[in-house]
Protein chains: 2
Amino acid sequence: MNIGEVSERSGLPPKTIRYYEDINLVRPLRSDNGYRSFRESDIHKLAFLGRARALGFSIEDCRTLLSLYEDETRESAQVKAVAKEHLTEIDNKIAQLKSMRETLSHLIEACQGDHRPDCPILKGLSRGI
Amino acid sequence: MNIGEVSERSGLPPKTIRYYEDINLVRPLRSDNGYRSFRESDIHKLAFLGRARALGFSIEDCRTLLSLYEDETRESAQVKAVAKEHLTEIDNKIAQLKSMRETLSHLIEACQGDHRPDCPILKGLSRGI
DNA sequence: CTTGAGCTTCCAGTGGCTGGAAGCCTTATC
DNA sequence: GATAAGGCTTCCAGCCACTGGAAGCTCAAG
């Protein structure tokens, strides 16, 4: 199967699929004409990667998860550890964004948003919030 | 004032300050020895930038905010518009992270995390969540 | 005079793609 | 058989906002 169809079936752009080959996440075969030739197992891997990326896992996490997926002797504790660590990162990001949101929304509420130059947002940024 | 002291007083790393000069966010003077020579107003600007960045504004937003800050004829509505748009982006990011968190935490809860290979997290990633 | 800290510039790398150019391959149409 | 369109290939550059490191200059202390 050529890259175009694989792109449609996996939901990943062709550029991304080529990139994943570059960094050895997938290793499609090659046809005589030089085109990449994907097996069903490649598509399955790519879809796996797409879902893991959609959950925010880093590429290196994805590599780990994929190798665990293919390792019949894995222990689910290994997978769970990776996932838990990622969950913590997500929680940290959410907390950081919420804190930004808090400060920013206060400033926005305090600002009249009219034709006059006086602005609490700029004051907050210039004086320390 | 040299970059080291400015770094301490503004809370920004020297590398970042040099970068901000590169992209014309600040324009410190130069001493005869070639060293950057910062005025109080430069430090003020850098601290402003640090706070805006801490609120998650992009560099281009920061450039806009800084120019509004220095423009006496600004209308606070302009500032508020920039801030509101950024707030929306923050809200979108929070929503996306929460959705990831939701899915991921369900998978984690379902996983025993023991020595056996059976793992709902990997199943979820491979079959579609 | 030497040592060490602080400053300079420049280049490369981070993550995860994405855009674009130049050129080969395939398929359909004339 | 020529040609045009579309899909494929590689390679290089760029995105964002820095950050690390090398090579070399300047300055203050001992």
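Scope of the values below: all heavy atoms of this structure, side chains included, with no hydrogens, waters or symmetry mates.
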| request: Look at atom CZ of B:R27 and say whether more than 12 heavy atoms of other residues, nucleotides or ligands are closer to it than 6.0 Å. | output: no

| Once you round to the nearest 0.5 Å, how far does CZ of A:R63 lie from CZ of A:F57? | 15.5 Å

| task | Look up atom CD1 in B:I43 and atom NZ in B:K45, then write down how far apart they are to the nearest 0.5 Å. | result | 12.5 Å

| query | Base, sugar-phosphate, or nothing: which does B:F57 touch, judged by heavy atoms less than 4.0 Å apart? | reply | nothing

| D:dC8, C:dC7, D:dC18: which one has an atom nearest the side-chain heavy atoms of A:I3? | D:dC8

| request: Could you check how far CG of B:D22 sits from P of C:dC10, rounded to whole Å? | output: 9 Å

| Given atom CG of B:N24 and atom C1' of D:dA17, what is their separation to the nearest angstrom? | 16 Å

| query | Is the closest side-chain heavy-atom distance between B:Q112 and A:K80 below 4.5 Å? | reply | no

| message | If you assign A:F38 and B:S58 each to the DNA chain D nucleotide with the nearest heavy atom, which residue ends up on the more 5' nucleotide? | response | A:F38

| query | Out of C:dT8, C:dC17, D:dA17, which has the shortest distance to the side chain of B:Y19? | reply | D:dA17

| message | From the set D:dC8, D:dC18, C:dT8, return the single nucleotide nearest to any side-chain atom of A:N2. | response | D:dC8

| For D:dG7, does either OP1 or OP2 sit under 4.0 Å from a side-chain N or O belonging to A:R36? | no

| message | On the nucleotide D:dC8, are OP1 or OP2 found under 4.0 Å from the side-chain N or O atoms that A:N33 carries? | response | no

| remark: Rounded to whole Å, CE of A:M1 lies from C1' of D:dC8 at a distance of 16 Å

| Atom pair distance, as rounded to whole Å: CG in B:D32 and C1' in D:dC25 | 15 Å

| query | Which part of the nucleic acid does B:P14 contact within heavy-atom distance under 4.0 Å: base, sugar-phosphate only, or nothing? | reply | nothing

| request: May I ask you to decide whether B:R9 forms a salt bridge with B:E40, counting only side-chain N to carboxylate O separations under 4.0 Å? | output: yes

| To the nearest Å, how far apart are B:L46 CG and D:dC18 C1'? | 15 Å

| query | Is there a donor and acceptor pair, one atom on the side chain of A:K15 and one on the base of C:dG16, closer than 3.5 Å? | reply | no

| said: So, does B:T16 get its side chain near the phosphate of D:dT19, meaning an N or O under 4.0 Å from OP1 or OP2? | reply: yes

| request: Rounded off to whole Å, could you give me the CD1-to-P distance for the B:I17 and C:dC7 pair? | output: 10 Å

| task | Provide, to the nearest angstrom, the distance between the CD1 atom belonging to A:I59 and the P atom belonging to C:dT18. | result | 11 Å

| said: For D:dC27 and B:Y35 - does any side-chain N or O of the residue sit under 4.0 Å from the phosphate oxygens OP1/OP2? | reply: no

| said: Students often get this wrong, so: under 4.0 angstrom with heavy atoms, is B:R18 touching a base, only sugar-phosphate, or nothing? | reply: base

| field | Nearest-angstrom distance from the residue atom CD1 of B:I23 to P of D:dT19 | value | 12 Å

